[in-house]
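I have placed the structure first, in the form of structure tokens, so that the comments after it can refer back to it.
This is a predicted model, so every value here is computed, not measured. Below, read A as the first sequence line, B as the second, and so on, with proteins coming before strands; counting in each chain starts at 1.
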Amino acid sequence: MAATCTTDGPPPDGVETVTYLCTGCPLGCRLEVDAIDDEVVEVRGFRCKRGLRYGTQEHTDPRREVATTVWLCGGDVQRLPVRAAAPVPKASVRSFVRALAGVRVSAPIALGSVVAEDVAGTGIDAIATRGVPPPGAGSSDDRDRATGRPSVSGSEGG
Amino acid sequence: MVTTEHPRQLADSYDVTIVGGGPAGLAAAVGARDQGAERILLVDRDPTPGGILLQCIHSGFGLHTFGEDVTGPEYAHRALEQVVDHDVDVLTDAYVTDASSDLRLKLMSPSTGVATVDTSTVVLAPGARERTRGAIRIPGERPAGVMTAGLAQAMVNLHGRLPGRRAMILGSGDIGLIMARRLTLEGVEVAGVCELLPYPSGIGRNVVQCLEDFDIPLHLSTTVVDIHGRDRLEGVTIAPVDDDRRPVMSRSAHVPCDTLLLSVGLIPDAELAQRLQLRLDPVTGGPVVSSTMETSRPGVFAAGNGVHVNDLADWVSREAQVAGAAAGDLALGRHRPLEDVHVTPGHNVGYVVPHTLSTSRTQTVSFRVKEPIHGDTILRIGDVHRRKVRAVVPAEMITLKVGPKLLDGCAGDTLRVDAIPAGQEEA
């Protein structure tokens with residue numbers, strides 16, 4: 001792993017070096033970000049351009065992918081998985097999930113459809129990551145109708 | 001709407017039958033169909049194919065397979081869409097209860113009752129099971145509230161039930177880390193994560209985003225040594241371990257909690273493999289496989305976490321597509337490639353999959369290291385392939401591509417796979 005904040009000789013005035021673990025992919029590159037007054041001057045240690053972007057973003061405006069669930073009526077499970085349509089500011093992650101805790105939706109649900117708009121004042125929508133067919137829908141096979149068992153998976157992307 | 005229908009009528013015989021509808025089974029179906037197999041049956045035990053992906057609501061899937069970062073359910077949807085496009089018979093709510101050596105499978109489902117199908121080839125894609133308290137033998141009482149992390153994940157993400165109010169997590173595997181975040185966001189207090197090893201078992205990204213972001217303590221070289229509570233869990237005793245991984249009881253501490261999640265590893269589900277008397281790898285617990293993922297019994301293929309535990313669904317899909325394609329080829333009477341090279345784990349390598357290679361095709365060799373190496377590391381396969389990487393950790397599976405050019409002249413050889421710190425190559 002890369003050494004943290006070690007420099008040979010006196011550091012240039014006001015340069016602060018912070019290390020981050022790049023989360024752009026599972027490789028997890030150790031990034032070193034040099035910044036002067038929160039302005040990023042150099043990023044080191046990345047193996048692709050995602051790392052460069054991540055280092056800058058993480059230092060100035062950290063954001064996270066957010067996924068949670070909402071109540072679902074009429075599906076074969078009780079929760080519908082949803083995600084934030086865009087990365088959420090790190091400080092708003094908890095309030096984003098809290099705001100969705102009471103949301104209740106009913107089947108059918110199209111994959112990618114908006115489940116809640118502008119969640120917790122972030123300006124970011126929550127969208128469904130699973131499609132759910134209407135209750136009782138599925139194949140027209142008589143055998144299925146007899147058992148009343150939905151044999152359907154997913155829905156069209158929206 | 002994309003729908004999978006129960007087959008109007010189960011055929012008596014199939015070219016390829018796939019057992020399991022997770023990422024491995026779905027990709028195997030596509031692989032088989034791409035080779036021209038027409039009679040394909042996919043059997044899944046759940047009402048909706050997708051496997052464990054459906055409860056993995058977080059993102060981080062698909063960067064390699066689809067070129068973008070998607071959640072588990074979205075990955076499952078895309079994989080299923082390809083299967084439906086391919087006109088595969090999908091039988092849900094169904095179990096394969098037995099398999100005979102001449103590949104006659106016994107199935108059971110509400111729509112078919114008990115049925116028998118003959119198949120030219122079969123792909124086993126059963127996935128893995130979580131290790132339990134019994135597997136790691138934690139002493140103490142036997143109250144409710146002690147469960148595997150994946151079970152808690154299903155409770156929370158599929159059924160909307162919280163496992164408790166204050167949780168301790170043993171094991172820093174990825175599922176444990178992800179559940180630490182998930183429970184925190186749902187209002188459960190996560191007291192901490194204990195890891196027996198001196199380094200986290202999960203990938204770095206999850207340590208940062210699931211623990212550090214939420215100030216959840218990670219106790220390395222620490223384990224749970226006692227469980228307290230008569231009916232419901234009331235607390236656990238944790239203790240640091242010494243260099244030999246023995247608990248230091250003089251430094252133990254009591255942690256009050258009503259839930260203990262175990263994220264202590266996965267083992268391939270080898271039930272059908274055992275019924276078919278397949279040769280198993282004692283390290284992975286899954287079947288021994290060729291470069292086309294064929295097991296020791298001709299016509300029986302296996303892929304995914306039922307063979308060895310992968311770190312990414314993307315690798316599972318890739319490997320299963322190879323298995324499905326080879327199963328399709330064999331069912332259609334095409335010759336299988338000659339498997340003329342053996343591979344075996346060498347220095348600091350726990351296991352290698354596949355177990356044999358063919359000098360006539362390009363294949364992917366997957367392996368995991370036993371101990372992390374921080375710094376430049378040489379990965380080598382015999383003396384035919386050598387690659388330098390920055391660092392290796394057991395949490396991340398390593399894959400290397402090996403083609404006919406590299407294997408030229410190796411027929412009959414056994415190649416050792418090594419992971420060695422740069423500069424110590426003569427070790």
Side-chain angles (χ1 to χ4, degrees), chain A residues 1-2 20-30 45 47 58 62 64-72 76-83 90 93-94 96-98 101 108 110-112 128-131 133-134 137-144 146-147 149-157, chain B residues 1-8 21 46-50 54-60 63 69-74 76-78 80-81 84 90 92-93 110-112 156-161 182 184-187 203-209 212-214 311-312 374-375 390-391 393 395-396:
Chain A
M1 300 290 160
Y20 296 103
L21 187 81
C22 179
T23 60
C25 83
L27 272 180
C29 292
R30 296 268 160 192
R47 274 173 273 192
E58 185 68 7
R64 295 291 181 262
E65 303 286 343
V66 177
T68 184
T69 60
V70 298
W71 283 110
L72 170 67
D76 59 14
V77 291
Q78 289 75 47
R79 302 295 290 186
L80 176 77
V82 301
R83 67 174 166 86
K90 192 175 152 188
V93 168
R94 279 171 192 265
F96 193 95
V97 172
R98 279 284 112 210
L111 177 76
T129 54
R130 183 173 175 179
S139 96
S140 55
D141 190 297
D142 289 339
R143 207 163 40 203
D144 290 334
T147 60
R149 181 172 290 279
S151 59
V152 186
S153 316
S155 71
E156 64 209 272
Chain B
M1 266 228 169
V2 176
T3 61
T4 60
E5 302 187 355
H6 282 312
R8 303 241 170 276
D46 284 327
T48 305
L54 296 177
Q55 69 185 58
C56 298
I57 62 165
H58 51 277
S59 58
L63 271 173
D69 190 356
V70 299
T71 65
E74 289 168 307
H77 174 84
R78 291 182 188 206
L80 182 62
E81 215 170 28
V84 173
V90 177
T92 54
D93 289 305
S111 64
T112 61
V156 174
N157 292 345
L158 299 178
H159 306 298
R161 299 277 177 264
R182 187 75 192 114
T184 303
L185 288 172
E186 289 295 341
I203 59 177
R205 170 171 71 172
N206 286 334
V207 175
V208 172
Q209 296 199 341
E212 290 173 14
D213 274 9
F214 297 96
D311 52 351
L312 296 183
H374 306 293
R390 235 178 250 198
V393 289
E396 284 168 27

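In this structure, A:Q78 and A:L72 have side chains that are not in contact, with every pair of non-hydrogen atoms separated by 4.5 Å or more.
Here the CD1-CG distance, from B:I203 to B:L312, works out to 6.5 Å after rounding to the nearest 0.5 Å. Residue B:I57 holds its CD1 atom at 11.5 Å from CZ of A:R130, rounded to the nearest 0.5 Å.
Looking at B:V70, there are no atoms closer than 4.5 Å to chain A (heavy atoms on both sides), in backbone or side chain. The parts of A:R94 that come within reach of chain B are both its backbone and its side chain, each placing non-hydrogen atoms under 4.5 angstrom from that chain. The contact between B:E186 and chain A is made by backbone and side chain atoms together, counting heavy-atom distances below 4.5 Å. Contact of B:R78 with chain A is not made at all, since no heavy-atom distance falls under 4.5 Å.
Put simply, the side chain of B:E74 gets close to the backbone of B:T71: a donor and an acceptor are under 3.5 Å apart.
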